[in-house]
Amino acid sequence: MTAQAGKDMLLKIEGAPGVFTTVAGLRARTISLNARTVDATDGDSAGRWRELLAGAGVKSAAVSGQGIFRDAASDALVREAFFDQAAKTWRLIVPDFGVLEGPFLVAALEYAGDHSGEATFAISLASAGAVAFSAI
């Protein structure tokens with residue numbers, strides 16, 4: 001596998017059913033996939049080594065990004081998702097890895113700006129249900 005350009009990672013939000021809009025102006029993106037473990041160790045565990053219960057943990061996904069809003073459509077969709085606090089369907093595309101899609105809540109939305117620079121934003125998403133994965 002060759003090196004991938006970070007700009008090729010895409011974050012999209014569903015506006016109308018089946019219609020996804022790319023969140024414009026993201027300069028940095030991070031996707032974190034997590035699975036909690038369930039400790040099933042007991043007095044009969046071999047050598048008192050920890051035993052984990054396969055498939056029993058809670059899975060979650062978190063997404064964060066920062067950049068500048070360059071497009072009114074994606075700005076409006078993100079702002080609406082935050083203020084409504086309704087789970088919206090998001091699509092996360094990671095080149096040479098796959099596509100993650102499912103409901104996410106906007107956990108944090110920050111706006112900032114320097115006097116002599118552009119206005120910036122930062123966003124954090126938390127999975128709010130089953131996230132589907134399809135390999136590219």
Side-chain angles (χ1 to χ4, degrees):
M1 181 171 109
T2 60
Q4 298 294 314
K7 67 182 173 128
D8 293 338
M9 280 179 62
L10 295 177
L11 176 60
K12 297 175 172 266
I13 183 172
E14 185 177 41
V19 178
F20 287 85
T21 300
T22 299
V23 176
L26 281 177
R27 293 180 175 165
R29 303 151 205 78
T30 303
I31 299 170
S32 176
L33 303 173
N34 301 290
R36 288 189 191 153
T37 58
V38 174
D39 190 340
T41 310
D42 62 23
D44 293 330
S45 295
R48 302 241 185 221
W49 282 96
R50 177 178 68 174
E51 294 180 28
L52 299 177
L53 188 58
V58 174
K59 293 186 279 186
S60 65
V63 179
S64 61
Q66 58 189 22
I68 57 171
F69 277 120
R70 296 171 31 116
D71 145 322
S74 65
D75 183 16
L77 287 171
V78 169
R79 190 175 54 243
E80 176 185 299
F82 175 77
F83 284 109
D84 289 350
Q85 277 300 289
K88 300 283 187 180
T89 302
W90 293 75
R91 182 177 287 164
L92 317 158
I93 301 167
V94 182
D96 288 340
F97 177 71
V99 178
L100 298 158
E101 185 175 316
F104 286 81
L105 285 175
V106 178
L109 183 60
E110 301 173 27
Y111 292 91
D114 290 328
H115 174 73
S116 60
E118 71 275 356
T120 61
F121 78 101
I123 187 170
S124 295
L125 305 175
S127 59
V131 176
F133 173 76
S134 57
I136 293 179

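Positions are given from 1, in the same order as the sequence printed here.
- Here the closest heavy-atom approach between residue R48 and residue G43 is recorded as NH1-CA, 3.9 Å.
- Contacts classified as salt bridge (Lys or Arg N to Asp or Glu O under 4.0 Å) and involving residues 105-122 (residues at least two apart or in different chains) are given here: R27-E118.
- One hydrophobic cluster, built from ILVMFWY side chains closer than 4.5 Å, holds both V131 and W90.
- Remark: the backbone N or O of V106 is paired with a side-chain donor or acceptor of Q85 at under 3.5 angstrom.
- Taken together through direct or relayed side-chain contacts under 4.5 Å among Ile, Leu, Val, Met, Phe, Trp and Tyr, V94 and V63 form part of one hydrophobic cluster.
- From D75, atom CG reaches atom CZ of F121 across 8.0 Å, with rounding to the nearest 0.5 Å.
- Atom OH of Y111 has more than 12 heavy atoms from other residues, nucleotides or ligands within 6.0 Å.
- Contacts of A40 classified as side chain to side chain contact (heavy atoms under 4.5 Å, CB included), with partners at least two apart in sequence or in another chain: L53.
- Scanning all heavy atoms of the two residues, the minimum distance from P103 to A87 falls at CB-CB, 3.9 Å.
- Checked against salt bridge (charged side-chain N to carboxylate O under 4.0 Å, His left out), E51 has no partners two or more places apart in sequence or in another chain.
- Distance check: E14 CD to R91 CZ gives 8.0 Å after rounding to the nearest 0.5 Å.
- Atom CD of E101 sits about 9.0 Å away from atom CG of L92, to the nearest 0.5 Å.
- Each of L52 and V58 belongs to its own hydrophobic cluster when Ile, Leu, Val, Met, Phe, Trp and Tyr are linked at side-chain heavy-atom distances under 4.5 angstrom.
- Counting heavy atoms from C-beta outward, L11 and I31 have side chains that stay 4.5 Å or more apart.
- With hydrophobic clusters built from ILVMFWY side chains whose heavy atoms lie under 4.5 angstrom apart, L10 does not share a cluster with V19.
- Going from atom CG of L26 over to atom CZ of F69 covers 8.0 Å, rounded to the nearest 0.5 Å.
- Of all non-hydrogen atoms in P95 and I136, the two that sit nearest each other are CA-CD1, 4.4 Å.
- Counting heavy atoms from C-beta on, the side chains of K12 and I93 come closer than 4.5 Å.
- Taking CG from L109 and CG from L125, the interatomic distance works out to 9.5 Å, rounded to the nearest 0.5 Å.
- When all heavy atoms are compared, the tightest approach of A61 to L33 is CB-CD2, 3.8 Å.
- Here the straight-line distance linking atom OG of S45 with atom CG of D39 works out to 8.0 Å at 0.5 Å rounding.
- Note on L105: it does not cluster hydrophobically with F82, by side-chain heavy-atom contacts below 4.5 Å among ILVMFWY residues.
- Partner F20 forms a side-chain contact (heavy atoms from CB on, under 4.5 Å) with one of L77, I13, T89 and no other, that one being T89.
- For the pair R29 (side chain) and M9 (backbone), a donor-acceptor distance under 3.5 Å is present.
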